[in-house]
Visitor: 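This structure is in C-alpha cells; I'll ask about it shortly.
In what follows, chains are A, B, ... by sequence order, proteins preceding strands, each numbered from 1.
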Number of protein chains: 2
Amino acid sequence: MSTCKIYTGRMPTGSGADLALLLLGSYRNLVDEVVDELARRGFPDARPSHEYAMRAIQAGADNASALGRSLAITKQAAAKTIAALTERGYVTTEASPLDARRRQVHLTEHGLALMRAGAAIFDEVRARWEQRLGAGELARLEEQLAQFVGDSPIRLDAPGWVARDQADGH
Amino acid sequence: MSTCKIYTGRMPTGSGADLALLLLGSYRNLVDEVVDELARRGFPDARPSHEYAMRAIQAGADNASALGRSLAITKQAAAKTIAALTERGYVTTEASPLDARRRQVHLTEHGLALMRAGAAIFDEVRARWEQRLGAGELARLEEQLAQFVGDSPIRLDAPGWVARDQADGH
DNA sequence: AGAAGTAGACAACCTGGTTGTCGAAAAAGG
DNA sequence: CCTTTTTCGACAACCAGGTTGTCTACTTCT
C-alpha cells in the first residue's frame, strides 16, 4: 500500500509528460478492469492482445501473414499469437483447400464467447465512465482523442501487463 | 502503406473497446513522436521507460529497491533499468557511505540533458495538441482523464514499442 | 548477541515482439 | 511449359522489460 506513486494525483495539468501518463494510466485502468472481470467470468487466461487479435481474425485476417499485416506486427509474431490462441482453445486452424501453404484460422465457440464477454465488459466500464462524466462529455473526449490518433494504425505491441499484484521477491 | 488498420478512423464513438484503443493510440502517438524527436536531437537510444525511471531517480528513488517501489516493479527489474541507464551514460552509481549495502544512483550531466530535452519535446507536442483543441479544451480533457486515473499508481511496464518500421522478414 | 528485515546480485524464466533463413507452394511471365 | 519471383508458414536465435526464487552482506530492532 505504501508504494509511492510515480505520478501522485491531481497534478497541475500542464506538463506534456504528465499528459502521456494520464493517457497511459487511463488505458491501463480501463483494460485492467476488463481483464479482471473477464477472469471472474470464466476467462482467466485472456490477455488484452488476444482480444485485438481475435477482432482482426473475425474481420477477415484469417491466416498468420494477414493477421500480421492487420496488426502491424511481423507474421512470425502473428503466428505466435495464433499459437497462443489455439492453445487456449479460442481459435482452430485447418489447411486451406485453395492454397496449400495457408493455415486458415477461425474462432471457436469459446473464442466467440470470449469476444462477446469482452465487448460487454468494455461497454460496461465505458458506461460507468459515461455516468461520471456525462454522455456528451465522454463523446467529446472520444472525438478529441480521435483527432490525435488520426488514421494512424494503432500498434498494440504493448506486452506483458496483466496487472498481477507486485509482490517483491521474498 | 497498405497495412490495413485494426481501427480504421472515425469510428462511431460508442464501443468501450474502441475507447481503449483511442487512449492507447493517443499515448503511442505522443510518445513515439517524443522518442523520434529525441533521437533526432542526439539521444538515439532513449526509451520511454528511461524517462520515467530517471524522473523517479531525480525525485529521490536513488537506489534499486527504492526505484522499484517507486515504479511499482520488482527491485530486480529496477536494477536492470539502472544497468541500462548506466550503460548509456545517463546515470552513475557509487557506494553509499551511510549504508554499505546500497549503491547510490544519480544522474549524469548527459542524463540531465536528456531529461531537459525530453521535457521540452513533450511540452512542444502538448502545445501542438493545445493549438488544435484550444487551451481550455485540453485542460478539460486532462482533468477528465485524471478522474479515471484517480490516485492509482501508474504502472508503466509497457515495454518494447519503439515504433520501428516493420519490415516483414524477406 | 541474536533475530529479523533490507539491499542488491545471480540465475532461470515468461511474453510479445524482432531478425534472418529456409522449403514448399503459388503466381507471373517469357 | 518452364523459370523466376513472390508469398506462406516454420524454425532458430535474439531482445526488452518484466517475473520468481535463492543467496550473501549489511542494518536495525529487541
Visitor: Mind calculating the distance between CG (D45(A)) and P (dT15(C)) to the nearest angstrom?
Guide: 11 Å

Visitor: Should R102(B) be listed as having a side-chain N or O under 4.0 Å from OP1 or OP2 of dA9(C)?
Guide: no

Visitor: According to side chain to side chain donor-acceptor pair (under 3.5 Å), who are the partners of E37(B), at least two apart in sequence or on a separate chain?
Guide: R40(B), R41(B)

Visitor: Report all interatomic pairs (protein N or O, nucleotide N or O of nucleotides 27-30 of chain D) with separations under 3.5 Å.
Guide:
{"residue": "dT27(D)", "atom": "OP1", "partner": "A100(B)", "partner atom": "N", "Å": "2.8"}
{"residue": "dT27(D)", "atom": "O4'", "partner": "R101(B)", "partner atom": "NH2", "Å": "3.4"}

Visitor: Got a sec, which residues hit salt bridge (charged side-chain N to carboxylate O under 4.0 Å, His left out) with R132(A), two or more places apart in sequence or on another chain?
Guide: none

Visitor: Looking at T74(B), I'd like to know whether one of its side-chain N or O atoms comes within less than 4.0 Å of OP1 or OP2 on dT19(D).
Guide: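 The answer is yes; a side-chain N or O of T74(B) sits under 4.0 Å from OP1 or OP2.
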
Visitor: Please identify each residue that fulfils side chain to side chain donor-acceptor pair (under 3.5 Å) with Q131(A), with sequence neighbours left out.
Guide: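 Checked Q131(A) against side chain to side chain donor-acceptor pair (under 3.5 Å); zero matches.
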
Visitor: Should the pair R28(B)-E33(B) be classified as a salt bridge under the 4.0 Å nitrogen-to-oxygen rule?
Guide: no

Visitor: Looking only at side-chain N and O atoms, does R47(B) come under 4.0 Å of OP1 or OP2 in dG17(D)?
Guide: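 Yes, because at least one side-chain N or O of R47(B) sits under 4.0 Å from OP1 or OP2 of dG17(D).
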
Visitor: Figure out the CD1/P separation between I82(B) and dG8(C), and round it to whole Å.
Guide: 7 Å

Visitor: Could you state the CG-P distance from N63(B) to dG5(C), rounded to the nearest angstrom?
Guide: 19 Å

Visitor: With H110(A), which residues qualify under side chain to side chain donor-acceptor pair (under 3.5 Å), at least two apart?
Guide: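 In terms of side chain to side chain donor-acceptor pair (under 3.5 Å), with neighbours along the sequence ignored, H110(A) is linked to no residue.
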
Visitor: Here's a test of your reading of the structure: between A77(A) and R103(B), which maps to the more 5' nucleotide of DNA chain C?
Guide: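 Looking at the nearest nucleotide for each, R103(B) comes out on the 5' side.
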
Visitor: Rounded to whole angstroms, how far apart are CD on Q104(A) and C1' on dA25(C)?
Guide: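 Value for this atom pair: 16 Å.
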
Visitor: Check if the side chain of Q76(A) and the base of dG20(C) share a donor-acceptor pair of N or O atoms closer than 3.5 Å.
Guide: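 By the distance-only test, yes, there is a pair.
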
Visitor: Specify the separation, in whole Å, of atom CG of L67(B) and atom P of dG17(D).
Guide: 13 Å

Visitor: With a cut-off of less than 4.0 Å, is there a side-chain N or O of S65(A) near OP1 or OP2 of dT7(D)?
Guide: no

Visitor: What residues form a side chain to side chain donor-acceptor pair (under 3.5 Å) with D123(A), not counting sequence neighbours?
Guide: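 Not a single residue meets the side chain to side chain donor-acceptor pair (under 3.5 Å) criterion with D123(A).
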
Visitor: If I take atom CZ in residue R88(B) and atom P in nucleotide dA16(D), what distance separates them, rounded to the nearest angstrom?
Guide: 7 Å

Visitor: Consider only side-chain N and O atoms of H106(B) and E94(B), and report whether a donor and an acceptor are under 3.5 Å apart.
Guide: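 Present: a donor and an acceptor within the cut-off.
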
Visitor: Can you tell me how far P of dA16(D) sits from NZ of K80(A), to the nearest Å?
Guide: 15 Å

Visitor: Just the rounded figure in Å: distance from P of dG16(C) to CG of L85(A).
Guide: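 My rounded result for the distance is 10 Å.
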
